[in-house]
Amino acid sequence: MPTREPQVTPPKTFAINSSRDMLEKLKREIERLAGAIIRQEIVDHGQNAAMTAWHLTDWTWREIHSIPLRTLTANGGMPIRELKQFQEFVKRSCAELAYCEGIAVSTRHFTFSKLPVFSTRVAERFKINQDSIGKDGGATLHQFSPMGESVSYTTQAAELWITDGRSLTAAAEILENAFQWWRKFIDEMSCALETPVLGR
């Protein structure tokens with residue numbers, strides 16, 4: 001009796017099919033966070049952006065198999081042969097993605113014990129009024145531009161924080177830096193995929 005070929009099913013990802021698609025999703029989540037004024041929307045978009053930034057490790061690793069391992073070894077300073085090694089390389093290259101990992105893993109498993117040790121919080125004033133703040137148009141905008149791009153954040157969205165116990169860092173800053181790192185990495189990965197390598 002002939003064996004049946006396994007059927008390939010399309011990914012169950014609502015038309016997100018590549019790391020570039022996930023990168024665009026991350027950008028949209030950051031833009032949604034930037035414009036939010038309602039506490040729960042700020043929390044949702046911040047959480048979604050952090051999870052998307054971390055899940056990009058899975059998406060890029062899936063695509064990276066066609067890049068010669070020596071390219072990643074040279075860039076990473078160590079052999080990269082599996083997803084966990086790639087994730088370690090990503091966190092060494094972009095510290096902000098270690099925070100995104102902690103948020104993504106904590107969301108799924110409730111706890112996270114790896115470094116860095118940090119916590120997240122929303123400004124205390126949201127506890128007083130959980131309805132939208134600045135509905136009357138009084139919300140001011142904060143500018144953040146890590147690499148020449150300008151993103152405007154409402155006052156409320158700028159008050160989503162990550163703290164290591166000593167200092168506060170705006171979640172927007174961490175998410176923006178993670179986005180910029182991924183954009184550069186994916187652009188470089190795309191170039192490497194398009195460049196023929198001798199001896200392959």
Side-chain angles (χ1 to χ4, degrees), residues 19-61 76 83-84 86-127 133 139-189:
S19 61
R20 181 95 41 203
D21 292 342
M22 281 295 276
L23 182 66
E24 289 302 313
K25 178 184 185 302
L26 174 56
K27 182 179 180 183
R28 290 190 300 273
E29 292 295 351
I30 290 171
E31 288 169 351
R32 289 178 187 123
L33 168 63
I37 58 172
I38 299 171
R39 181 186 195 275
Q40 201 52 54
E41 287 180 4
I42 292 165
V43 170
D44 290 349
H45 298 316
Q47 190 85 36
N48 289 343
M51 291 189 309
T52 301
W54 180 247
H55 292 319
L56 265 160
T57 59
D58 297 301
W59 283 84
T60 51
W61 178 249
L83 175 61
K84 286 193 182 300
F86 176 63
Q87 289 172 330
E88 290 304 315
F89 159 72
V90 166
K91 290 186 292 184
R92 280 194 319 276
S93 302
C94 178
E96 290 84 356
L97 284 161
Y99 292 107
C100 294
E101 177 195 26
I103 293 166
V105 172
S106 295
T107 302
R108 185 172 176 182
H109 300 291
F110 306 109
T111 60
F112 185 71
S113 58
K114 294 181 186 175
L115 292 174
V117 176
F118 69 98
S119 62
T120 58
R121 67 179 238 206
V122 183
E124 291 300 312
R125 70 191 188 116
F126 281 118
K127 292 182 179 173
I133 301 169
T140 59
L141 299 177
H142 292 270
Q143 297 291 321
F144 179 69
S145 54
M147 296 177 73
E149 270 186 33
S150 183
V151 178
S152 298
Y153 287 84
T154 63
T155 301
Q156 295 84 356
E159 292 182 357
L160 186 64
W161 302 99
I162 291 178
T163 179
D164 61 6
R166 296 183 306 274
S167 62
L168 291 173
T169 304
E173 182 178 340
I174 286 170
L175 296 169
E176 282 281 345
N177 287 338
F179 171 78
Q180 296 296 348
W181 188 88
W182 275 123
R183 182 168 69 175
K184 183 175 184 289
F185 183 86
I186 290 169
D187 286 347
E188 289 172 359
M189 182 180 75

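Glu29 approaches His45 most closely through the heavy-atom pair OE1-ND1, 3.6 Å. Between Trp181 and Leu97 the shortest heavy-atom distance is CE3-CD1, 3.7 Å. Shown here for Gln156 and Ile37, the closest heavy-atom pair between the two residues is OE1-CG2, 3.6 Å. Taking each heavy atom of Ala178 and Ala53 in turn, the nearest pair found is CB-CB, 4.3 Å.
By the 4.5 Å heavy-atom criterion applied to side chains, Asp44 and Gln40 are counted as neighbours. With a 4.5 Å cut-off on side-chain heavy atoms, Val90 and Phe86 count as touching.
Between Lys91 and Glu88 there is a salt bridge, since a side-chain N of the basic residue sits under 4.0 Å from a carboxylate O of the acidic one. In this structure, Lys184 pairs ionically with Glu188, as a charged nitrogen and a carboxylate oxygen lie closer than 4.0 Å.
Partners of Ala50 by side chain to side chain contact (heavy atoms under 4.5 Å, CB included), not counting sequence neighbours, listed by chain and number: Cys100, Ile103, Leu175. With sequence neighbours excluded, no residue forms a side chain to side chain donor-acceptor pair (under 3.5 Å) with Asp58. Taking the side chain to side chain donor-acceptor pair (under 3.5 Å) definition, one finds that Gln87 meets it with Thr57, sequence neighbours left out. Considering only residues two or more places apart in sequence or on other chains, Arg20 meets the side chain to side chain donor-acceptor pair (under 3.5 Å) condition with Asp187, Ser190.
Atoms CE and CG, from Met51 and Asn48 in turn, are 4.5 Å apart once rounded to the nearest 0.5 Å. One finds the CD atom of Glu96 at 11.0 Å from the CD atom of Gln180 (value rounded to the nearest 0.5 Å). Once rounded to the nearest 0.5 Å, the distance linking OG1 of Thr52 with CZ of Arg28 reads 9.0 Å. In this structure, Ile42 CD1 and Thr154 OG1 are separated by 5.0 Å, a value rounded to the nearest 0.5 Å. Atom-to-atom distance recorded for Ile30:CD1 and Glu176:CD is 5.0 Å, nearest 0.5 angstrom. In this structure, CD on Glu173 lies 9.0 Å from CH2 on Trp161, to the nearest 0.5 angstrom.
Between the Ser19 side chain and the Trp59 main chain, no donor and acceptor come within less than 3.5 Å of each other.
Taking the six-membered ring for Trp and thresholds of 30 and 60 degrees, Phe185 and Trp182 have ring planes more than 60 degrees apart, a perpendicular arrangement.
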